[in-house]
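Step one of this worksheet: look at the structure below.
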Number of protein chains: 2
Amino acid sequence: MPALLQAARTRFPALFADFLARQNGLDQRLIDAAAYAMQNGGKRVRPALAWGACLAVGGRQEDADGAAIAVECIHGYSLVHDDLPCMDDDDLRRGQPTCHRRFDEATALLAGDALQSLAFISLAGGALPAAVRATQTARLAAAAFDMVVGQRLDLSAEGRQLALEPLEAVHRHKTGALIRAAVALGALAGGADTARLAALDRYADRIGLAFQVHDDVLDVIGDTTVLGKRAGADQDLEKSTYPALLGLEAAQQLARNLTDEALAALEPLGADADPLRELARFLLARDH
Amino acid sequence: MPALLQAARTRFPALFADFLARQNGLDQRLIDAAAYAMQNGGKRVRPALAWGACLAVGGRQEDADGAAIAVECIHGYSLVHDDLPCMDDDDLRRGQPTCHRRFDEATALLAGDALQSLAFISLAGGALPAAVRATQTARLAAAAFDMVVGQRLDLSAEGRQLALEPLEAVHRHKTGALIRAAVALGALAGGADTARLAALDRYADRIGLAFQVHDDVLDVIGDTTVLGKRAGADQDLEKSTYPALLGLEAAQQLARNLTDEALAALEPLGADADPLRELARFLLARDH
C-alpha cells in the first residue's frame, strides 16, 4: 500500500474522532451512527488525496486536516443516504450492515444530514486564511451538489446501457467531483498557485475516471471474496460499465491511459508529488 | 404585515428561482422538488431576518441576498427531511402535500440533500469579503448541525412532558439556532461590529423563543382553518408545550416578555432597526 494511503488510514480515525468529540449536543446513538458511517472500513482515498495534494505543493500535512475531514464527511454522508431504502436499499456496505440496518432509518438519515453539516464546520474553522477557507467551501459545496446530480443521472440510467459520454457524465458527477474537490481543498490548504491547482485538478480528474473504469473491470475479473461484493453484480443489474461498452481489454487500456495522463499532469510538480504518483499507480493495480 | 416580511415574500421567490437556475445539471424533477420545497407557502421569516439585520447595521439589502437564500435553503431542507416517512411521516405541510407525497421519497431525500449543499454554495459565492463569507459559513454550518441535535432532542422527548429547561433546549436547537444564524449572517453581510452582532444575537435568541411559545399558544387558542393544521394537534400528541407547562396565561405573558427583551436588545441600534422591531411585534400578534 502507498505510504500516503497507509498514513491516511492511520491518521484519519483519531483525527475524525477528535473532531466529532468537539461537536456538542448530539445524542450517543447519533454519534455512534456518524462514527459508524465514517469508520466502516473506508479506504481513505479522499483524505489521502487532500493530504497528498497539500504536500505536493509544499504545504504541511496538518494544514489539510480540515479538508481531509470535510471530504470524507461528504463521502460518508453520501454513502449513508445512497444506501437508504428509498434509494439503493442496500443491506451491506463493505461487507458490514449499512448504517440504517445497524441503527435505524431515521438515525441514518440524520447522521447523513449531520455529516454534511460537519463537512462545512470542518472547513469553516481552523487557522487557514479566510480566503482559502471561502474558496474551499465553494469547491466542496459545488462537489456535494454535483454528487446529487450524479446520483440522479445514475438512477435515471438504470436498466439501460449508456453511451460513453453519458456514462462519463455520471461518474464525473457522482464520484469524480468529490475526488477533484479533495485534491483542490488540499492544494488550497497548501497554498497552491493557479498553475499548480490546474495541474492537480487534471490529475484528480484522470484518477477519478481511472478509478471508476478499474472498478468496472474488477467487477468482471475480480474475486467475490476480495471485492466484498459479488463479482458480476453490475452486469446482473444491467448497469452501464466500461467493459460492457468497450470490451474488457480496451477498458483496461483506458484505465492505464487515464493513469498515464494523471502522472503526466504531475510533471511540473517535482518530487513533492511522489506520494500522489504512488497513489495513482496503486489505484490502478488494486484488486478491490 | 410588516414591510420587511412583505418585501421578503415579494423578493425571495424570484431571487431563489434565479439562484436555482444558475446551478447546472439537476434533472427537472429534482429542480421542481427543490422549488416546491422552497415555495410551499413559506412565511419567509428567516430571509426577512437576514435582510432586516443587514439593514439594521447600515448595510445594503442586496448584500444579504446570499444569506437570505442560504438560511431559507437550510430551513427548506430541514422541513423536507423532517416530513419523510422515517421521521414525522407527514402528508401535509402548510395545507399542501409534503415533498415526498407530491413527488416521491427518493426525490425528497435528494432535494433536501441538495438544498443543504445549495445553502453553502449561496454563501460561498458572492462579492462579500472572504472573511465575512468564512464566518457566515461557520455560523450556518453550526446552526445546521444544531438543528439535527434539536431534532433528536425532540424525538427523544416524544410521549413525555419535558420540564421548562429541556423544552427550551429543544427549541433553541431545532428552530432557534437557524433564526439566530439568519440574523447573524445578515448582520455580518452588513458589516456589523462585535457589539452590534451581540445585540442582534440577543434579539434573535428572544424572538426565536417567543415565536415558539406563541406557536404553542396558538395551538391551544387558534382556529384550525387559519392555522392550516388542526388546533390541539400538539396536545393530542402529548407534546411538551409552554401552555401545558406554565398554563395558558403565563405562556402568553412569557411570549410578551421575550418580545420585550428582543426589543430592548435593539435599543443601541437606532431607527435602522425599526423593520426588525416591527417584525418582532408582528410575530407575537400573528394568528397563524
Side-chain angles (χ1 to χ4, degrees), chain A residues 23-27 29-30 34 74 77-78 81 84-88 100 104-125 128-153 155-156 169 173, chain B residues 23-27 29-30 34 74 77-78 81 84-88 100 104-125 128-153 155-156 169 173:
Chain A
Q23 314 306 321
N24 292 319
L26 268 200
D27 59 288
R29 188 174 172 82
L30 201 54
I74 293 291
Y77 125 70
S78 76
H81 281 193
L84 284 171
C86 70
M87 300 290 292
D88 294 347
H100 67 277
D104 58 84
E105 220 180 306
T107 300
L109 173 70
L110 287 175
D113 287 344
L115 285 172
Q116 183 170 186
S117 303
L118 287 171
F120 294 102
I121 289 176
S122 174
L123 284 188
L128 295 174
V132 170
R133 286 180 280 142
T135 309
Q136 287 180 319
T137 299
R139 282 299 304 253
L140 188 67
F145 180 79
D146 278 349
M147 291 164 75
V148 174
V149 171
Q151 183 67 14
R152 297 293 285 192
L153 290 174
L155 285 173
S156 73
H173 287 89
Chain B
Q23 314 306 321
N24 293 320
L26 267 199
D27 59 287
R29 187 173 172 82
L30 201 54
I74 293 290
Y77 125 70
S78 77
H81 281 192
L84 284 171
C86 71
M87 300 289 293
D88 295 349
H100 66 277
D104 58 84
E105 219 179 309
T107 300
L109 173 68
L110 286 175
D113 287 344
L115 285 171
Q116 182 168 188
S117 303
L118 287 170
F120 294 102
I121 289 175
S122 174
L123 283 189
L128 295 174
V132 169
R133 286 180 279 143
T135 309
Q136 287 180 320
T137 299
R139 282 299 305 253
L140 188 66
F145 180 79
D146 279 348
M147 291 164 75
V148 174
V149 171
Q151 183 67 13
R152 296 293 286 191
L153 290 173
L155 285 173
S156 73
H173 286 88

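Letters go in sequence order (proteins before strands), and every chain restarts at 1.
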Fill in: Heavy-atom pairs under 4.5 Å with chain A, option from B/Gln23, B/Arg139, B/His173, B/Arg152 with the top count
B/Arg152

Worksheet item: By ring pair (Phe, Tyr, Trp, His ring centres under 6.0 Å), which residues pair with A/Tyr77, not counting sequence neighbours?
Response: A/His81

Practice prompt. Nearest 0.5 Å please: distance from the CG atom of A/Asp27 over to the CG atom of B/Leu153.
Written response: 7.5 Å

Fill in: A/Leu84 versus chain B, the contacting section by heavy-atom distance below 4.5 Å
side chain

Worksheet item: If you count heavy-atom pairs under 4.5 Å between each of A/Thr137, A/Ile74, A/Leu26 and chain B, which one has the most?
Response: A/Leu26

Worksheet item: Do you know which two heavy atoms are closest between B/Phe145 and A/Ile121, and how far apart they sit?
Response: CB-CD1, 3.7 Å

Response to the item:
From the list A/Leu155, A/Asp113, A/Val148, the residue making the most non-hydrogen contacts under 4.5 Å with chain B is A/Asp113

Item to complete: Taking the side chain as every heavy atom from C-beta outward, state whether A/Leu109 and B/Leu109 have any atom pair closer than 4.5 Å.
Response: yes

Discussion item. Which atoms of A/Leu118 are under 4.5 Å from chain B, going by heavy atoms: the side chain, the backbone, both sets, or neither?
Written reply: side chain

Fill in: Minimum heavy-atom distance between B/Ala130 and A/Ala131, given as atom pair plus value
CB-CA, 3.5 Å

Worksheet item: When only pairs under 4.5 Å are counted, which of A/Gln151, A/Met147, A/Glu105 shares the most heavy-atom pairs with chain B?
Response: A/Glu105

Worksheet item: chain B: which of A/Cys86, A/Ala124, A/Gly150 shares the most heavy-atom pairs with it under 4.5 Å?
Response: A/Cys86

Item to complete: Quick one: closest heavy-atom pair of A/Ser117 and B/Ala144, and the distance?
Response: OG-CB, 3.3 Å

Practice prompt. Heavy-atom distances under 4.5 Å only: say whether A/Thr107 touches chain B with side chain, backbone, both or neither.
Written response: both

Fill in: Which of B/Arg133, B/Met87, B/Gln136 touches chain A most, by non-hydrogen pairs under 4.5 Å
B/Met87

